[in-house]
Amino acid sequence: MVAQLSQSTLLAWYAESKRDLPWRHTTDGWQILLSEILLQQTQVSRGIGYWLKLVERFPTPQSMAEAEVDEVLFLWQGAGYYSRARRLHALARQVCLPSSEGGYDGVLPTTSAHLLQLPGIGPYTAAAVASIAYGEPVACVDGNIRRVMARQAKSANPSVKEVEQWANRNLFHSDAGDWNQALMELGATVCTPKQPKCDGCPIAPSCSGQLDATAYPEPKKIKRKRLDLMCELRYDSSGLPFLVQRGEDGILAGLWGPHMEEELDVESLIFIGEVKHVLSHRDIFVQVWLGICRQGMDPSTVAVSALDRKILALGDRQGYRS
Ligand code: SF4
């Protein structure tokens, strides 16, 4: 017979053991929102540097709304999943619209229901910001909490609804922000996917699945997709590459890079190699072909993705310098 999950033990553990992360020193909703959007798909260790840069340049929704989206993308370079940066910029602009036009007069809404109406905000982010910044008693559900729940309840494949019900049932209403963060921190640092540290876990007494923890939840089978592209990497006589800004759609939307398509006419170009780039669900293979152009541009002045940087590095290794 396992014990009931002890809220006080988990909260005491969190107070004692939480990592010292810069966004944990602010109660500003906008700055917490920036951290949550960054951490959706960027590791904490890498996210810190991006968060510090973003908060310095865009301390308020107004400061981002007044900037061009290119500047947000420029600061986002290397963090990946650039649609987040574009949606964040759209969010800032919507927040800064007058309320008569569907905006919030420059003030980030404080409830999860209103946050959910903004571009790029899903149920997790809305609950995280509303609970952490504004104390709304609303439970978060993310991958870390799902894993903790699956192990505590010894449930191999819990549905979203089951995880939500568990999170709501166990929510510590008087301090939902710390409670949500405590559960997520436990999932990130103790109840980890491959090597959970059950010996030091503050909620081990209530855990049904600890003897076979890594069996819960069942690993999801991710189908990887392959994308083959061709790229023409053209340089001018001073060694600067020809770059284009990509359109509004696709994984590299709004970013700058050499011209890439699924099919290109490469008759007058020289093949110099292949670049592989791995995303969470997709492997991208780019054949790179070398050519010349009249006028290139300095890639350090625009937002360039990690994939494009690899392509430019291949050109550098061929003796071209950008
Ligand atoms: S006892 Fe182990 S499996 Fe259970 S919640 Fe703690 S770390 Fe996770």
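For ligands, and for the atoms within them, numbers begin at 1 and follow the listed sequence. All figures in this text were calculated on a predicted structure; none of them were measured in a lab.
- A donor and an acceptor atom, one from each side chain of His281 and Lys225, are nowhere located under 3.5 Å apart.
- With hydrogens and angles left out, the side-chain atoms of Arg84 and Thr42 include a donor and acceptor closer than 3.5 Å.
- For ligand 1, the atoms lying closer than 4.0 Å to a non-hydrogen atom of Gln152 are 5 (S).
- Ring geometry for Trp23 against Trp51 counts as perpendicular: the plane angle is over 60°, on a 0 to 90° scale with 30° as the lower cut.
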**Request:** Would you check, one step at a time, whether the test side chain to side chain donor-acceptor pair (under 3.5 Å) holds for Ser155 with Glu162?
**Result:** CA-CA 10 Å; Ser155 173; Glu162 286 168 329; 4.8 Å; no

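- Judged purely by distance below 3.5 Å, without hydrogens or angles, the side chains of Ser305 and Gln77 never pair a donor atom with an acceptor atom.
- Taking the ring axis of Phe285 as reference, the NZ or CZ atom of Arg226 stays within 45° of it and closer than 6.0 Å to the ring centre.
- Around atom 2 (Fe) of ligand 1, protein N, O or S atoms at less than 2.8 Å comprise Cys198 SG.
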